Number of protein chains: 2
Amino acid sequence: MNIDPTELAPSARDRFDRMHSEIRSRICLLDYAPGTRLSEEALAAEFGISRTPLRRVLVRLEGEGLVQSVHGVGTFVTDVKIAELTQTYQLRLELAELTGKLGAVAPDATLWQELRALSARSKALLTDPDARRFAELNMDFFIALLKLTTNEPLKDICERLYFKTTRIWLKSVFASKIDLADEVDVFDREVHDILRALEIGDLHAASLIQRAHISMSFERMRRGT
Amino acid sequence: MNIDPTELAPSARDRFDRMHSEIRSRICLLDYAPGTRLSEEALAAEFGISRTPLRRVLVRLEGEGLVQSVHGVGTFVTDVKIAELTQTYQLRLELAELTGKLGAVAPDATLWQELRALSARSKALLTDPDARRFAELNMDFFIALLKLTTNEPLKDICERLYFKTTRIWLKSVFASKIDLADEVDVFDREVHDILRALEIGDLHAASLIQRAHISMSFERMRRGT
DNA sequence: CCGTACAATGATGTGTACAACAAATGAAGC
DNA sequence: GCTTCATTTGTTGTACACATCATTGTACGG
């Protein structure tokens, strides 16, 4: 077993990335629901540092639109209004399709292995639906699909918009258990269809399937709300 | 003459926005060329504040990919490698066209006035080319055109990518005086063509013209380099 | 003359105390 | 009982001193 060098000598950059990634996950997996106040002091204590470096993370998250700091009041996880949400989803549709056009590449052996593992997790969720595991799987699958394009700026933007909006969709899914079973079922079909498209090497089709599912999941959310 | 309330009571937020906008402009207008080191102490002194709030601005700019801080070395204005630049321009092409599709709106009276003023500035540059004024006009025109779409996330992304890449293009234009005259000429035609398209209410055509010019200007830069 | 170790220097990163601000609280006045 | 305002409390924002890191110059040994 090799030793992770970042574990032994956690540089400033590593600490920052770690905290940023951790807090972002908590926000996007609804550990911190929209409206939640994030205590600088409490978080700093949890990570074993002072407020100063933690604030740096919060400033970054604020730049990504995930939190908002108000002087004398607190730092809050942002909510997204229906109007902005609609606009963002319209944009995500187009961008999803773009990933199949700009610098699209077929999965390599590693990615195939990862996709198969994700598919297995999806199957497992069918028989035993679980909100939290569904949220994690959804995120992991999205991140994995981004590896199908080599266009880095496009990747960054898709990821950014995903983190900004999917948590709102998740919130509405988490609200009722019935919808969760439906969503898991739909999601498993999406995974299945996309893998089929990738198996025959049709990257554009894969992106179109993804586009369709983004569109439909937003529509289901709109009706549910 | 009304009094600007932000002048009398500059809150923390106002100060932050002001500094962020100012430094971003300096980077994008090449006052701070790629590779330049930004001294936290010097900038803090210039704005009359301590390093702490200034660092907040730098962290934001780092999140936008305009600067990069290295512990013990300095904070530097980023350069963009040709590979990433190519990918970004490919993306900007598609996004420019998207602005003509997602939430496109015709200019209102205020915007028309602004566009006419920009056109006049462009004409003035034809007879008296000036690198700095060209850079400012180019930026102002781009920002003005963004008002043609109501899709806020799309706006943000286009603006972000513009600030990230146009300074690199400007750098190559600034390198030789001959190219500047050419670029000013091409730019004036772009302004003219887009205004014509807008006059007949063809928003999609306007976005296509913009797309074409982004593509061609990148091609000219590639050959010039 | 060359290479290496090491100290000096200057940069960003961090910890801490305090200021500025907004909301909650309580008592005084009507 | 209700309103109003001063006070208290808790939060983010700021200033400053210090730690940490990377570079550079220098002296020493070969």
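Order of the sequence lines fixes the chain letters, A, B, ..., with proteins taken first and strands second; residue numbering starts at 1 for each chain. Remember, predicted model here, so these are calculated numbers, not experimental data.
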When rounded to the nearest 0.5 angstrom, what distance separates CD in Glu62(B) from CZ in Arg55(B)? 9.5 Å
Does a side-chain N or O from Arg51(B) land closer than 4.0 Å to OP1 or OP2 of dA15(D), or not? no
Using whole Å, report how far CZ of Arg13(A) lies from P of dT20(D). 20 Å
Return the nearest nucleotide to the side chain of Pro53(B); candidates are dA22(C), dT14(D), dG15(C). dT14(D)
Distance, rounded to the nearest Å, where Glu40(A) contributes CD and dT12(D) contributes C1': 6 Å
Let me spell it out: for each of Val70(A) and Arg56(A), pick the nucleotide of DNA chain C with the closest heavy atom. Which residue's pick is nearer the 5' end? Arg56(A)
dG13(C) C1' sits how many Å from Glu62(B) CD, rounded? 12 Å
Should the pair Phe134(B) and Phe187(B) be assigned to parallel (<30°), tilted (30 to 60°) or perpendicular (>60°) ring geometry? perpendicular
Whole angstroms only, please: what is the CG-P distance between Leu43(A) and dT12(D)? 10 Å
Mark yes or no for a side-chain to base donor-acceptor pair under 3.5 Å between Ser11(B) and dC21(C), with no hydrogen or angle criteria applied. no
Under 4.0 Å between a side-chain N/O of Arg55(A) and OP1 or OP2 of dT12(D), yes or no? no
Could you tell me whether Glu41(A) contacts a base, only the sugar-phosphate backbone, or nothing, with contacts defined as non-hydrogen atoms closer than 4.0 Å? nothing
Rounding to a whole Å, what distance do you find between Phe16(A):CZ and dG13(C):P? 10 Å
For a quick test of reading the model: is some side-chain N or O of Arg37(A) closer than 4.0 Å to OP1 or OP2 of dT12(D)? yes
Across the strands shown, which category fits Leu38(B) at heavy-atom distances under 4.0 angstrom: base, sugar-phosphate, nothing? sugar-phosphate
Distance-only polar pair, side chains of Thr75(B) and Arg37(B), donor-acceptor under 3.5 Å: no
Taking atom types as modelled, is there a side-chain donor on Arg222(B) or Ser217(B) under 3.5 Å from an acceptor on the other? no
Taking atom types as they are modelled, is there a donor-acceptor pair under 3.5 Å from the base of dG13(C) to the side chain of Arg15(A)? no
His71(B) NE2 to dG13(C) C1', in whole Å, measures 5 Å
dG13(D) C1' sits how many Å from Arg18(B) CZ, rounded? 18 Å
Go nucleotide by nucleotide along DNA chain D from the 5' end; which of Thr52(A) and Gly74(A) gets its closest nucleotide reached first? Gly74(A)
Contact class for Ser69(B) (heavy atom, under 4.0 Å): base, sugar-phosphate, or nothing? sugar-phosphate
Decide, yes or no, whether a salt bridge links Lys81(B) with Glu84(B) under the criterion of side-chain N to carboxylate O below 4.0 Å. no
Take the protein atom CG of Leu54(B) and the nucleotide atom P of dA11(C), then report the distance between them rounded to whole Å. 14 Å
